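For reference, the structure discussed in these notes is given below.
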Amino acid sequence: MTTPTPRTAATLAATLLTATVALYIALVAFGNITDFGTNQQFVQHVLAMDTTFKDDDLMWRAVTSKGLQDAAYVVLIVWETLAALVLVYGTWLWVRRDDERARRFSTYGLLMLMVLFGAGFIAIGGEWFSMWQSKDWNGLEAATRVFLLSGVVLVVVQLTADRSAT
C-alpha cells in the first residue's frame, strides 16, 4: 500500500469530479436496466436508420435484426455498468488517498466513457448510422456532452500526477 499523500486542491477536484461522473454513469446504467425499453427504442431506431433521409447510398448500413439491435443495447449497458464500477472504485481510492491507483482507475473509467460516447455514439451512431439526420432519434448532443465532461475530468485527474517522479 502506498503512503497517503496530503490533500491538495487538485486531488480534491479529481475526487469530486470522478465521483460526479461515477454517479452520472451509474444512474444512466441503472436507468437503462430498470427502464430497458425506452433507450432500447433509441438504439433500434438508430441502427435501423428508419428516421434518416433514406439515401440508397447509405441504407445498406442499416441493422434491422432485432436480435442484433438488442445485443448491441445489452453490450452498451454492460459497458456503462463496468465504467461506473471502475469510476466508483477510482473514487474510493481517491478517498483512501491512494492517489496513484486512483488516478489509474479513474483514467480507465473515463477513457471507457470517452470510447463509448466518442467512438460509439458520435462516430458510429452519428456518422456510420447517420444519426445526425434524425429529428427524433439524434443523441449527438448528449453524447458530446458526456464525451467533453469525461475529457475535462480526465485532464483534472492527470493534473494530480507527481511530475517530480518523471
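Bear in mind that the values here come from a model prediction, so they are computed numbers and not experimental data.
- Using modelled atom types, no side-chain atom of T18 and backbone atom of T15 make a donor-acceptor pair closer than 3.5 Å.
- Its side chain within the 4.5 Å cluster rule, L16 clusters with L12 among the Ile, Leu, Val, Met, Phe, Trp and Tyr residues.
- To the nearest 0.5 Å, atoms CG (L82) and CD1 (I77) are separated by 12.0 Å.
- Nearest heavy atoms, I124 versus G120: CB-O, 3.3 Å.
- Partners of F36 by ring-ring contact (aromatic ring centres under 6.0 Å, His included), not counting sequence neighbours, listed by chain and number: Y73.
- Residues F121 and M131 approach most closely at O-CE, 3.4 Å, considering heavy atoms.
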Could you walk me through whether T51 and Q133 satisfy the side-chain contact (heavy atoms from CB on, under 4.5 Å) test, starting with their C-alpha distance in whole Å, then the side-chain angles of each, then the deciding distance to 0.1 Å, before giving a yes or no? CA-CA 8 Å; T51 60; Q133 295 179 1; over 6 Å; no
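- There is no path of hydrophobic side-chain contacts, each under 4.5 Å, that joins L85 to L87.
- Side-chain contact between I122 and E127 is absent, with no heavy atoms from C-beta onward closer than 4.5 Å.
- Remark: the backbone N or O of V63 is paired with a side-chain donor or acceptor of Q69 at under 3.5 angstrom.
- Between S134 atom OG and F129 atom CZ the span is 14.0 Å, to the nearest 0.5 Å.
- Side-chain contact between L116 and V146 is absent, with no heavy atoms from C-beta onward closer than 4.5 Å.
- Considering only heavy atoms from C-beta on, T52 comes within 4.5 Å of M59 through its side chain.
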S106/W94 under side chain to side chain donor-acceptor pair (under 3.5 Å): CA gap, chis, key distance, verdict: CA-CA 9 Å; S106 296; W94 283 118; 2.9 Å; yes
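- Members clustered with L27: L23, by chain and number, using a 4.5 Å side-chain heavy-atom cutoff among hydrophobic residues.
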Quick one: do Q158 and V155 satisfy side-chain contact (heavy atoms from CB on, under 4.5 Å)? Show the steps, please. CA-CA 5 Å; Q158 294 307 308; V155 168; 5.8 Å; no
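- Between H45 and W137, the angle of the ring planes stays under 30°, which puts this pair in the parallel group of the 30/60° scheme.
- Separating the CG atom in L111 from the OG atom in S150 is a distance of 9.0 Å, to the nearest 0.5 Å.
- Nearest heavy atoms, A29 versus T81: CB-OG1, 3.6 Å.
- Ring geometry, F105 versus Y108: the interplanar angle exceeds 60°, so the pair is classed perpendicular (tilted spans 30 to 60°).
- Under a hydrophobic clustering in which Ile, Leu, Val, Met, Phe, Trp and Tyr are joined whenever their side-chain heavy atoms come within less than 4.5 Å, directly or via other members, Y24 and L113 fall into the same cluster.
- V75 and L47 sit in two unconnected hydrophobic clusters of ILVMFWY residues. Membership requires side-chain heavy atoms under 4.5 Å apart, directly or through other members.
- Side-chain contact between Q40 and V43: absent, with no pair of heavy atoms (C-beta onward) separated by less than 4.5 Å.
- Note on W92: it clusters hydrophobically with L110, by side-chain heavy-atom contacts below 4.5 Å among ILVMFWY residues.
- In this structure, A102 and G90 approach most closely via the heavy-atom pair CB-O, 3.7 Å.
- Put simply, the side chain of L154 reaches to within 4.5 Å of the side chain of T107, judged on heavy atoms.
- Residues F117 and R145 fail the side-chain proximity criterion, which asks for heavy atoms closer than 4.5 Å.
- Here the closest heavy-atom approach between residue T91 and residue A22 is recorded as OG1-CB, 4.2 Å.
- In this structure, the side chains of M49 and T64 stay at 4.5 Å or more apart for every pair of heavy atoms.
- For the residue pair A83 and G109, the shortest heavy atom distance occurs at CB-O, 4.2 Å.
- Looking at R61, its side chain does come within 3.5 Å of a backbone N or O of W128 through a donor-acceptor pair.
- For the atom pair CG of L68 and CD of Q44, the computed distance is 11.5 Å after rounding to the nearest 0.5 Å.
- A donor-acceptor contact shorter than 3.5 Å links the side chain of R103 to the backbone of T160.
- The hydrophobic clustering, which links ILVMFWY residues whose side-chain heavy atoms are closer than 4.5 Å, places V157 and V88 apart.
- Contact annotation: the side chain of E80 approaches that of L76 to within less than 4.5 Å [non-hydrogen atoms, C-beta and beyond].
- Using a 4.0 Å cut-off between charged side-chain N and carboxylate O, R7 and D99 make a salt bridge.
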